[in-house]
Undergrad: 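Following this message is one structure expressed as structure tokens.
Read the numbers this way: they start at 1 and go in the same order the structure lists the ligands and their atoms.
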Amino acid sequence: MPQIIHEQPEHAALIEPLLDRCFGQDRFKKTAYKVRENTTPLSELSFVTVEGDNLLATIRYWPIMIGHDAPALLLGPIAVEPELQGKGIGVGLMRETIKVAKELGHHLIVLVGDPEYYGQFGFQNASVLGFKMPGPVEENRLLVKECTPGALKNVSGMISGVPDAPLLPGRTAPEAETDEMVAGLAAFAPPAEA
Ligand SMILES: CC(C)(COP(=O)(O)OP(=O)(O)OC[C@H]1O[C@@H](n2cnc3c(N)ncnc32)[C@H](O)[C@@H]1OP(=O)(O)O)[C@@H](O)C(=O)NCCC(=O)NCCS
């Protein structure tokens, strides 16, 4: 019996090959990938469908900003193992994760995908509302869904990824970043005696 669970670290090695099977390597050229650069998917909204040790499907959501001040989620990718598509696994993942997104207090979800499929979950055309992506995207495939009524009011503009916070309390900076910070601090050091 398939189960929807939070993505675990060990799933990462199975998710990339699944995305390759579903989208191929060309996926990295998509504008949605550009938005996700320097951004980490939200762990509380990264889910997989599993059956025993088998990974059947994946879905992730990313923090984005619409215009200057409207936080939202970017959904994607969602992918179901090719030979298991059309059996309701995608619908299950969509419904469950939208429910969790609402419970967590998110207001808007954006995605690039087939309007015929995502319309059933309440997604509507975002291009006509003035949403823009920082690269090419078919206008009819840029979609948005309100998680709270009225959330779309006065929202439009360029979509950008929310980069990972550089230094949250308790986070250890990677070595390269530390070197960069130390180099920056040197500028404040008292001048060496002549
Ligand atoms: C799109 C995808 C996630 C849907 O998941 P799924 O498990 O195959 O779909 P479900 O079984 O839950 O959905 C079933 C219904 O959606 C329809 N459907 C599936 N993909 C569709 C699409 N791209 N456009 C329109 N309808 C679609 C099915 O025909 C079916 O309709 P029915 O119930 O009336 O027969 C999955 O097919 C997939 O991974 N595809 C390849 C990767 C991809 O395109 N991802 C989405 C990128 S935006």
Side-chain angles (χ1 to χ4, degrees), residues 1-8 11-37 39-66 72-102 106 108-129 131-147 152 158-162:
M1 177 77 179
Q3 278 184 304
I4 297 173
I5 60 169
H6 275 109
E7 181 187 324
Q8 301 298 313
H11 293 133
L14 300 170
I15 289 173
E16 287 309 309
L18 171 59
L19 296 177
D20 282 344
R21 288 193 288 282
C22 286
F23 299 104
Q25 287 290 316
D26 272 1
R27 71 183 189 275
F28 295 107
K29 297 180 192 153
K30 290 183 177 181
T31 300
Y33 272 79
K34 185 173 172 186
V35 173
R36 297 180 202 134
E37 271 171 18
T39 303
T40 303
L42 296 168
S43 55
E44 65 272 28
L45 277 167
S46 296
F47 285 88
V48 290
T49 306
V50 292
E51 189 162 33
D53 289 339
N54 296 325
L55 182 108
L56 314 184
T58 172
I59 191 168
R60 287 170 171 164
Y61 290 77
W62 309 68
I64 58 167
M65 200 62 84
I66 302 160
L73 298 169
L74 180 68
L75 188 167
I78 172 171
V80 176
E81 191 61 58
E83 69 266 26
L84 299 175
Q85 290 175 6
K87 296 178 188 293
I89 293 173
V91 167
L93 261 185
M94 286 294 297
R95 293 214 176 113
E96 178 63 21
T97 56
I98 289 170
K99 191 176 92 179
V100 175
K102 286 181 177 175
H106 293 285
L108 292 169
I109 304 175
V110 174
L111 63 78
V112 181
D114 290 337
E116 298 80 13
Y117 184 68
Y118 295 103
Q120 66 182 305
F121 310 106
F123 283 85
Q124 59 176 294
N125 189 300
S127 299
V128 296
L129 301 173
F131 285 45
K132 299 203 180 318
M133 287 284 265
V137 62
E138 286 172 68
E139 289 201 348
N140 67 324
R141 291 170 56 83
L142 182 57
L143 309 175
V144 63
K145 172 187 167 60
E146 280 184 339
C147 294
L152 273 170
M158 183 60 74
I159 290 166
S160 55
V162 175

Undergrad: Quick one: does ligand 1 sit under 4.0 Å from the side chain of Leu84, the backbone, both or neither, non-hydrogen atoms only?
TA: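 No part of Leu84 comes within reach of ligand 1.
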Undergrad: Return the residue, atom name and 0.1 Å-rounded distance of the protein heavy atom closest to atom 15 (C) of ligand 1.
TA: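 Scanning the protein heavy atoms, the shortest distance from atom 15 (C) of ligand 1 goes to Tyr117 CE1, 4.2 Å.
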Undergrad: Are any of the N or O atoms of Val91 closer than 3.5 Å to those of ligand 1?
TA: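 By distance alone, the answer is yes.
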Undergrad: Side chain or backbone, does Phe23 bring an N or O within less than 3.5 Å of an N or O on ligand 1?
TA: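 Such a contact does not occur with ligand 1.
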Undergrad: Please verify whether a non-hydrogen atom of Pro77 lies at under 4.0 Å from ligand 1.
TA: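 Not so, Pro77 does not reach ligand 1.
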Undergrad: Quick one: look up the protein heavy atom nearest atom 22 (C) of ligand 1 and list residue, atom name and how far away it is.
TA: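 Among all protein heavy atoms, the one nearest atom 22 (C) of ligand 1 is Asp114 OD2, 3.4 Å.
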Undergrad: Using a 4.0 Å cut-off to any heavy atom of Lys87, which atoms of ligand 1 qualify?
TA: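 Close to Lys87: 11 (O).
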Undergrad: To which protein heavy atom is atom 46 (C) of ligand 1 closest, and what is the distance rounded to 0.1 Å?
TA: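 Atom 46 (C) of ligand 1 sits closest to the protein heavy atom Tyr118 OH, 3.4 Å.
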Undergrad: Please could you name the atoms of ligand 1 that Gly113 approaches to less than 4.0 Å, counting only its heavy atoms?
TA: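 The list of qualifying atoms is 48 (S).
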Undergrad: Please check if a non-hydrogen protein atom sits closer than 4.0 Å to atom 5 (O) of ligand 1.
TA: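 It does; a protein heavy atom is within 4.0 Å.
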Undergrad: Considering non-hydrogen atoms of the protein only, which is the closest contact for atom 38 (C) of ligand 1, and what is the distance?
TA: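 Going by distance alone, atom 38 (C) of ligand 1 is nearest to Gln85 NE2, 3.3 Å.
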Undergrad: Please report which non-hydrogen protein atom sits nearest to atom 8 (O) of ligand 1, along with the residue it belongs to and the distance in Å to one decimal place.
TA: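 Checking every protein heavy atom, the shortest distance to atom 8 (O) of ligand 1 gives Gly86 N, 2.8 Å.
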Undergrad: For a side-chain contact (heavy atoms from CB on, under 4.5 Å) with Leu142, tell me which candidate from Leu111, Ile159, Asn125 qualifies.
TA: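 Running side-chain contact (heavy atoms from CB on, under 4.5 Å) over Leu111, Ile159, Asn125 with Leu142 returns exactly one hit, Ile159.
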Undergrad: Which atoms from ligand 1 have a heavy atom of Ala79 less than 4.0 Å away?
TA: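 Selected atoms, number and element: 39 (O).
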Undergrad: For ligand 1, does Val80 get within less than 4.0 Å through its side chain, its backbone, both, or neither, judged by non-hydrogen atoms?
TA: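 Both backbone and side chain of Val80 come within 4.0 Å of ligand 1.
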Undergrad: Of all the atoms in ligand 1, which lie at a distance below 4.0 Å from a heavy atom belonging to Val112?
TA: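 Near Val112, the atoms of ligand 1 are 48 (S).
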Undergrad: Atom 35 (O) of ligand 1: protein heavy atom closer than 4.0 Å?
TA: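 There is no protein heavy atom less than 4.0 Å from atom 35 (O) of ligand 1.
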Undergrad: Do any non-hydrogen protein atoms sit less than 4.0 Å from atom 13 (O) of ligand 1?
TA: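 Answer yes: something from the protein, a heavy atom, is under 4.0 Å.
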Undergrad: Return a yes/no value for Gly90: is any of its N or O atoms, backbone included, closer than 3.5 angstrom to an N or O of ligand 1?
TA: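 It does: an N or O of Gly90 is found under 3.5 Å from an N or O of ligand 1.
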Undergrad: Give yes if a backbone or side-chain nitrogen or oxygen of Gly88 is under 3.5 Å from a nitrogen or oxygen of ligand 1, and no if not.
TA: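 Yes, since at least one N or O of Gly88 sits under 3.5 Å from an N or O of ligand 1.
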Undergrad: From atom 32 (P) of ligand 1, is the closest protein heavy-atom distance below 4.0 Å?
TA: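 So atom 32 (P) of ligand 1 lacks protein heavy-atom neighbours under 4.0 Å.
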Undergrad: Please report whether atom 28 (C) of ligand 1 has a protein non-hydrogen atom at a separation of less than 4.0 Å.
TA: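 Under 4.0 Å from atom 28 (C) of ligand 1, zero protein heavy atoms found.
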